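Keep in mind that what you see is a predicted model, and the values were worked out from it rather than measured.
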Amino acid sequence: MRRTSRARSRKQARRKSTADDEGDALPFFYPKPPTGPLPKIGHLKPQQVGLPDEPRRNRESHQLLRAIDVDHRARHDFDGRTELFAAGSPTAVEPGSVLLVEQISCRSSPRKMAFAGVLIAVSRKGLMSTITLKNYVLGTGVEMVFPIYSPMVTRIKVLKRVEGFAKGRDNVYALRDRPALAPLSFSSIDGMVMKDAEIERKLSANKK
């Protein structure tokens, strides 16, 4: 009887902890409304608009699909993340930088989750573009892939920028086998996250 009571108490404590992390259900996600006709990008190469090259790129149907993709990316971008990962953008972040990504588990019972790590790859595939972050958890290497335009990804923040490490490449997969080559130590990431949280806490307190 005592064991049953203890098990019930532990289960209730876990439920309370989960409930504290979860918030109210979020409304349905709607992209921004279109602002006009589709952009005219037929004269641009796929790589110039953040898409992989294709052999039939000059066909009118493929040009239309690229225009639709560009339009949808603009409508799904609420915080300027397109420029953050666009090739050639002056504000683009390079592989080797440290990012913090915040996301929610689901919209019906949202639970906030965050992951910080070194950006090791940027895959530019239009609306399906992704980024890959790497970090170490309890001594084990962990990689997370995040879709840039997913409404479940609520924020992408740059904790530390590096320049010139990737030498123009979209990935630094060498860090998988040789993490010591990273321009920023993996062991310093937790400190960056704590420092960023403290800064945000102070800013929030000053606004009140």
Side-chain angles (χ1 to χ4, degrees), residues 21 44-55 57 69-70 73 76-105 111-203:
D21 292 337
L44 299 176
K45 296 180 179 180
Q47 299 96 322
Q48 293 177 286
V49 292
L51 287 163
D53 195 14
E54 53 181 334
R57 58 181 176 273
D69 187 284
V70 171
R73 269 183 281 164
H76 281 73
D77 186 358
F78 287 86
D79 55 7
R81 59 185 64 178
T82 296
E83 292 299 317
L84 198 60
F85 301 103
S89 171
T91 59
V93 61
E94 296 184 17
S97 302
V98 178
L99 305 184
L100 172 67
V101 177
E102 296 178 355
Q103 62 177 355
I104 53 176
S105 55
R111 185 176 184 180
K112 295 181 180 180
M113 298 178 291
F115 184 84
V118 174
L119 176 67
I120 65 171
V122 179
S123 177
R124 297 183 180 88
K125 297 181 180 179
L127 193 61
M128 305 303 293
S129 298
T130 61
I131 56 174
T132 304
L133 303 186
K134 180 180 178 64
N135 200 352
Y136 284 84
V137 179
L138 299 177
T140 302
V142 177
E143 290 186 10
M144 296 285 288
V145 180
F146 298 96
I148 296 175
Y149 296 100
S150 170
M152 309 300 284
V153 176
T154 56
R155 186 171 73 150
I156 302 176
K157 185 171 185 178
V158 182
L159 297 182
K160 191 72 174 180
R161 287 180 179 267
V162 298
E163 296 182 1
F165 176 71
K167 297 180 180 179
R169 295 171 296 177
D170 294 334
N171 64 77
V172 286
Y173 288 135
L175 297 183
R176 287 174 168 172
D177 300 323
R178 304 176 66 184
L181 295 178
L184 299 170
S185 174
F186 284 96
S187 60
S188 65
I189 295 178
D190 289 343
M192 295 181 193
V193 174
M194 295 176 62
K195 183 178 179 180
D196 178 73
E198 180 64 18
I199 292 174
E200 291 194 348
R201 186 190 66 79
K202 290 181 178 179
L203 292 176

At what distance, to the nearest 0.5 angstrom, does [atom1] of [X] lie from [atom2] of [Y]?
X	Y	atom1	atom2	answer
L99	M192	CG	CE	11.0 Å
Q47	E54	CD	CD	9.5 Å
S105	M152	OG	CE	6.5 Å
L84	I131	CG	CD1	8.0 Å
L184	S97	CG	OG	7.5 Å

- Item | Chi angles and distances behind the side chain to side chain contact (heavy atoms under 4.5 Å, CB included) call for V172, K134 | CA-CA 11 Å; V172 286; K134 180 180 178 64; over 6 Å; no
If you compare all heavy atoms of [X] against all heavy atoms of [Y], which two are closest, and at what distance to 0.1 Å?
X	Y	result
I189	A116	CG2-CB, 3.7 Å
S185	S188	O-OG, 2.6 Å
N135	G117	CB-CA, 4.1 Å
V153	P147	CG2-O, 3.5 Å
P52	R124	CD-O, 3.5 Å
V162	P95	CG2-O, 3.9 Å

- Is there side-chain contact between E198 and K195, with heavy atoms separated by less than 4.5 Å? no
- Task: Please examine the side chains of F85 and S129, heavy atoms only from C-beta on, and report whether any two atoms are closer than 4.5 Å.
- Result: no
- Task: Would you check if the side chain of R161 reaches a backbone N or O of A92 as a donor-acceptor pair within less than 3.5 Å?
- Result: yes
- Task: Taking R81 for its side chain and I148 for its backbone only, find out whether a donor-acceptor pair lies under 3.5 Å.
- Result: yes
- Message: Considering only residues two or more places apart or on different chains, which pairs with a residue in residues 173-194 satisfy salt bridge (charged side-chain N to carboxylate O under 4.0 Å, His left out)?
- Response: E143-R176
- Which residue pairs satisfy the salt bridge (charged side-chain N to carboxylate O under 4.0 Å, His left out) criterion with at least one member in residues 85-96, sequence neighbours excluded? none
- Check the side chains of T82 and Y149 for a donor-acceptor pair under 3.5 angstrom, ignoring hydrogens and angles. yes
- Are side-chain N/O atoms of S89 and E83 paired as donor and acceptor at under 3.5 Å? yes
- Message: Whether D53 and R57 form a salt bridge (side-chain N of Lys/Arg under 4.0 Å from carboxylate O of Asp/Glu) is what I want to check.
- Response: yes
- Query: Among V118, V145, L119, V122, which one satisfies side chain to side chain contact (heavy atoms under 4.5 Å, CB included) with T132?
  - Reply: V145
- Sort out for me which residue in K157, R155, K112 forms a side chain to side chain contact (heavy atoms under 4.5 Å, CB included) with E102. R155
- Do L175 and L181 pass the side chain to side chain contact (heavy atoms under 4.5 Å, CB included) test, and can you show the C-alpha distance, the side-chain angles, and the key distance before you say yes or no? CA-CA 6 Å; L175 297 183; L181 295 178; 3.9 Å; yes
- Parallel, tilted or perpendicular, as decided by the 30° and 60° cut-offs, for the rings of F115 and F146: tilted
- Decide if atom CE of M128 counts as having more than 12 heavy atoms of other residues, nucleotides or ligands within a radius under 6.0 Å. no
